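Please read these numbers as outputs of a predicted model, since none were measured by experiment. Below, read A as the first sequence line, B as the second, and so on, with proteins coming before strands; counting in each chain starts at 1.
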Amino acid sequence: MLKRTCTCGDSRKDQAGNTVILSGWVNTYRDQGKSLVFIDLRDRYGMTQVVFDGEDSPADVMELGSSLRREDVVSVEGIIRVRDGKPNAKLATGEIELVAQKIEVINRTAKLPILPDDHDADGIGEEHRLRHRYIDLRRPRMQKILALRHKITQFTRNFFADNGFLEIETPLLITPTPEGARDFIVPSRHQAGHWYALPQSPQIFKQILMVAGCDKYMQICKCLRDEDPRADRQAEFTQIDLEMSFVEQDDVLKIMGEFAISLYKEVGGIDLGELPQMSWKDAMDNYGSDRPDIRFDLQLADVTEIASKTEFKVFTEACNSGGSVKAMRVPGGAEKLTRKKTDGFAEIAKTYGAGGLPVVKYQGGEFATGVAKFVEPIKNELVEALGLVDGDLVMFGVGSYRVACTSLGEVRLAVAKELDLIPEGMFRGLWVIDFPMFDWNEDAERWVSEHHPFTAPLASHLDTLESDPGNCLSSGYDLVINGAEVGGGSIRIHNPEVQSKVFGLLGLSQEEAENKFGFLLNALRFGAPPHGGVAFGLDRLVMMMIGTTNIRDVIAFPKTQTGADLMCEAPGAADPAQLEELGIIMREPVDSTEQA
RNA sequence: GGGGCGGUAGCUCAAUUGGUUAGAGUACCGGCCUGUCGAGCCGGUUGUUGCGGGUUCGAGUCCCGUCCGCCUCGCCA
């Protein structure tokens with residue numbers, strides 16, 4: 001084999017005259033006739049133009065050169081020379097070319113299902129890209145993403161190692177636990193009828209590592225949650241998982257904030273600025289979200305009290321049933337937002353549980369259109385409360401507190417997009433803190449954890465844990481950047497009695513708690529230090545730095561909406577003998593030959 | 001589980017109101033061309049219109065079912 005001496009991204013003008021060997025894929029060929037052929041040879045590092053020239057290349061090399069087609073794999077030995085023709089400004093190697101002297105055609109490609117060069121690949125359906133991922137990943141864009149992801153994990157390991165964290169692995173085959181997401185489960189052969197669960201996160205194990213005296217732990221680990229995916233999440237994803245002992249909330253936020261800021265700066269070249277803290281209540285009140293996008297203003301105001309003075313049934317019903325009316329002033333919205341557009345925003349509000357989206361314009365000192373006649377009696381109060389100026393438009397979020405806030409909060413994001421209020425290239429992050437401990441679930445008629453069941457109540461709220469769980473605040477915190485949750489964590493409960501109380505509030509009996517979480521409760525009984533930590537979503541960090549909203553772009557071998565790997569065709573049928581061994585009987589036989 | 005969009009050549013798409021032999025670009029094959037770089041010019045091969053059923057003289061087009069992909073609500077401690 002002709003062994004390469006440098007890569008397709010290396011050569012520059014000052015190496016003219018050198019003999020080198022390049023190996024790679026034929027990105028494109030340009031056949032100019034019997035005795036002049038160009039190919040762009042591509043590898044991970046770049047592209048170099050190779051020229052087969054009747055005057056300078058041997059005849060047999062010339063002939064092989066002209067037979068090359070896209071994605072053939074070749075090694076070429078040749079002499080670097082400054083290009084005869086114009087340089088190509090698009091290539092780092094654009095000033096030189098390699099004059100072929102020897103060639104080895106290592107592998108010719110079969111008929112290509114898709115083409116990998118970025119220009120052609122832009123329009124290729126994702127289904128084809130996933131099915132033929134080995135070709136898709138050759139694209140420079142995908143190579144760039146894989147490299148960035150590597151840089152992020154590398155930076156992460158270095159940062160935390162420098163700060164005294166130990167990287168410790170935790171098991172993949174663990175015991176199923178109640179609460180949280182749906183588990184993926186794995187049958188046990190030795191104990192037929194018993195099942196492992198795959199971890200939703202290493203949460204309990206990292207806490208136990210703290211009890212075990214490890215003090216500072218980190219791991220870059222796969223987490224698995226059998227829930228329906230979205231554009232920015234899928235069942236199998238990766239967390240940067242961390243835990244620290246003998247710390248309070250501010251200690252954790254300090255070092256994790258330093259990590260985030262330096263990661264964005266060092267790897268992404270992005271200035272995050274400082275990371276302010278905002279309470280969950282303020283985030284909900286002012287931004288209608290627990291992950292507020294603070295790159296633009298457009299804040300919400302509470303006008304419940306004012307709205308209760310109207311005769312507008314939509315308002316008064318919400319007010320009388322303990323709900324809220326939120327208002328958002330859109331500067332200049334009276335002109336910019338047509339009826340058609342506000343109708344579109346109303347659809348968004350409805351998606352998030354609101355009945356609709358009352359709207360009113362403020363022009364010439366009067367309310368116009370929409371619900372103008374209903375809000376006329378509270379005009380002065382509204383103008384003052386919202387600081388309305390001529391040409392503004394006001395949107396109302398109505399419903400329960402959470403519906404009023406979140407529906408209008410989602411509309412806020414849509415309005416910002418519509419009016420182009422989000423500055424390009426800006427990154428703004430913050431810590432959202434002081435989450436509620438619990439949220440009341442109507443269907444189950446019980447409290448559910450806002451964060452997770454191991455989150456400690458704020459010390460100042462410990463007394464409300466049992467007396468008023470709905471108003472008990474936790475020491476949970478989320479890192480939010482540009483409106484996306486990129487990490488979250490909490491100070492954990494290190495007292496077995498408090499942990500038992502929380503399990504009790506979540507509807508787990510003492511017996512169930514011992515049954516399901518006994519090992520954690522035991523660990524807490526044998527000398528648990530105060531501890532807390534964070535988990536960052538690695539996929540989201542990569543997405544944000546590369547500027548994509550598609551999580552599959554940042555995962556080498558991602559899954560589809562139905563959890564399939566189109567390349568290896570997982571999941572597949574099991575061999576009946578395997579099932580027999582595991583003691584599993586299928587209710588209906590699965591056709592193992594089935595094809596899509 | 002619900003809602004929405006899509007599936008036609010290897011790929012990206014077109015195909016009038018249901019109407020002749022389903023087209024174009026690209027890839028690939030052949031030919032021409034010595035400075036191209038998304039090369040160009042000429043010619044050619046390529047179809048279970050996702051799958052199954054129905055309506056009709058006639059279905060890519062209409063109806064029903066189903067599969068796959070994407071977006072989304074629920075869900076994601």
Side-chain angles (χ1 to χ4, degrees), chain A residues 27-40 47-57 62 66-67 69-71 83-91 93-94 97 108-132 135 177-183 200-201 203-204 223-235 237 347-348 350-353 406-407 410 435 437-439 441 443 447-455 474 476 485 488 490 502-503 506 535 537 549-550 552 559-562 564 566 594-596:
Chain A
N27 193 64
T28 51
Y29 66 96
R30 295 179 292 280
D31 187 344
Q32 304 288 305
K34 281 265 172 333
S35 49
L36 183 66
V37 172
F38 299 101
I39 63 168
D40 289 337
M47 276 205 280
T48 299
Q49 171 166 290
V50 179
V51 59
F52 298 82
D53 185 324
E55 289 169 16
D56 300 313
S57 302
M62 188 69 228
S66 66
S67 75
R69 291 300 176 263
R70 302 181 75 164
E71 300 311 308
R83 288 193 185 192
D84 268 6
K86 286 179 192 160
N88 184 348
K90 292 178 190 166
L91 294 181
T93 63
E97 63 190 357
R108 292 195 191 271
T109 181
K111 198 173 180 182
L112 289 162
I114 61 172
L115 288 168
D117 77 84
D118 272 345
H119 174 75
D120 287 336
D122 280 346
I124 293 180
E126 197 168 13
E127 194 172 346
H128 299 295
R129 292 179 47 202
L130 295 181
R131 184 158 276 127
H132 306 283
I135 300 176
T177 51
E179 293 290 307
R182 187 180 295 113
D183 284 323
Q200 298 173 28
S201 80
Q203 181 61 37
I204 296 177
C223 301
L224 299 118
R225 298 176 188 175
D226 188 6
E227 299 290 352
D228 288 351
R230 289 290 183 273
D232 64 347
R233 64 173 214 235
Q234 64 165 1
F237 64 101
E347 287 307 309
I348 293 171
K350 284 181 191 168
T351 313
Y352 289 88
T406 57
S407 64
E410 292 293 334
F435 280 78
M437 276 291 283
F438 308 103
D439 186 28
N441 183 299
D443 296 336
W447 295 106
V448 293
S449 294
E450 182 76 31
H451 218 84
H452 59 55
F454 318 109
T455 300
S474 82
E485 181 195 328
S490 62
V502 170
F503 285 147
L506 295 173
T549 54
N550 180 350
R552 294 175 300 280
K559 295 197 164 42
T560 69
Q561 194 107 163
T562 56
L566 296 178
E594 68 188 10
Q595 283 291 319

The side chain of [X] lies closest to which of these nucleotides: [options]?
| X | options | answer |
| --- | --- | --- |
| A:Gln49 | B:rC75, B:rG35, B:rA27 | B:rG35 |
| A:Lys111 | B:rA39, B:rC29, B:rG10 | B:rG10 |
| A:Arg225 | B:rC11, B:rC76, B:rG35 | B:rC76 |
| A:Phe38 | B:rG35, B:rG69, B:rC28 | B:rG35 |

Between B:rA22 and B:rC5, how far is it from one C1' atom to the other, in whole Å?
24 Å
In whole Å, what separates the P atom of B:rG50 from that of B:rG7?
8 Å
Between [atom2] of [N] and [atom1] of [X], the distance in whole Å:
| X | N | atom1 | atom2 | value |
| --- | --- | --- | --- | --- |
| A:Glu71 | B:rU26 | CD | P | 19 Å |
| A:Asp31 | B:rU36 | CG | C1' | 11 Å |
| A:Met62 | B:rG35 | CE | C1' | 12 Å |
| A:Gln200 | B:rC75 | CD | P | 15 Å |
| A:His452 | B:rC76 | NE2 | C1' | 14 Å |
| A:Leu112 | B:rG10 | CG | P | 13 Å |
| A:Arg69 | B:rC28 | CZ | C1' | 9 Å |

Is there a side-chain contact between [X] and the phosphate of [N], meaning an N or O under 4.0 Å from OP1 or OP2?
| X | N | result |
| --- | --- | --- |
| A:Tyr29 | B:rG40 | no |
| A:Arg30 | B:rU36 | no |
| A:Lys34 | B:rU34 | no |

Name the residue closer to the 5' end of RNA chain B, choosing between A:His128 and A:Arg83 according to the nucleotide with the nearest heavy atom.
A:His128
Which residue lies more 5' along RNA chain B, comparing A:Leu566 with A:Arg182 via nearest heavy atoms:
A:Leu566
Checking all strands, does [X] fall into the base, sugar-phosphate, or nothing category for heavy-atom contacts under 4.0 angstrom?
| X | result |
| --- | --- |
| A:Pro113 | sugar-phosphate |
| A:Glu485 | nothing |
| A:Thr28 | sugar-phosphate |
| A:Ala564 | sugar-phosphate |
| A:Lys86 | base |

Report yes or no: is there a donor-acceptor pair, N or O only, under 3.5 Å between the side chain of [X] and the base of [N]?
| X | N | answer |
| --- | --- | --- |
| A:Asp226 | B:rC76 | no |
| A:Glu127 | B:rG6 | no |
| A:Arg233 | B:rC76 | yes |

Over-ring placement of A:Arg69 relative to A:Tyr29, 6.0 Å and 45° cut-offs:
yes
Rounded to the nearest 0.5 Å, the CZ atom of A:Arg83 sits from the CG atom of A:Leu91 at a distance of 6.0 Å
Atom OG1 in A:Thr109, atom CZ in A:Arg70: separation rounded to 0.5 Å?
11.5 Å
Do A:Thr560 and A:Glu126 have side chains that get closer than 4.5 Å, going by heavy atoms?
no
Give a yes or no on whether a salt bridge exists between A:Asp183 and A:Arg225, defined as a side-chain N under 4.0 angstrom from a carboxylate O.
no
Taking atom types as modelled and ignoring hydrogens, do the side chains of A:Asp228 and A:Gln561 form a donor-acceptor contact shorter than 3.5 angstrom?
no
Can you tell me if A:Arg552 uses its side chain to pair, donor with acceptor, with the backbone of A:Lys559 under 3.5 Å?
no
Name all residues meeting the side chain to side chain contact (heavy atoms under 4.5 Å, CB included) criterion together with A:Pro113; count only those two or more places apart in sequence or in a different chain, and write none if there are none.
A:His132, A:Ile135
If the plane angle is over 60° it's perpendicular, under 30° parallel, otherwise tilted; pick one for A:Phe454 and A:Phe503.
perpendicular
Anything under 3.5 Å between a protein N or O and an N or O of nucleotides 70-72 of chain B, put it in a table, one pair a line.
residue : atom : partner  : partner atom : Å
B:rC70  : OP1  : A:Gln561 : N            : 3.4
B:rC70  : OP2  : A:Gln561 : N            : 2.8
B:rC70  : O3'  : A:Arg552 : NH2          : 3.0
B:rC71  : OP1  : A:Arg552 : NH2          : 2.9
B:rC71  : OP2  : A:Gln561 : NE2          : 2.8
B:rU72  : OP2  : A:Ala231 : N            : 2.9
B:rU72  : O4   : A:Gln561 : OE1          : 3.1

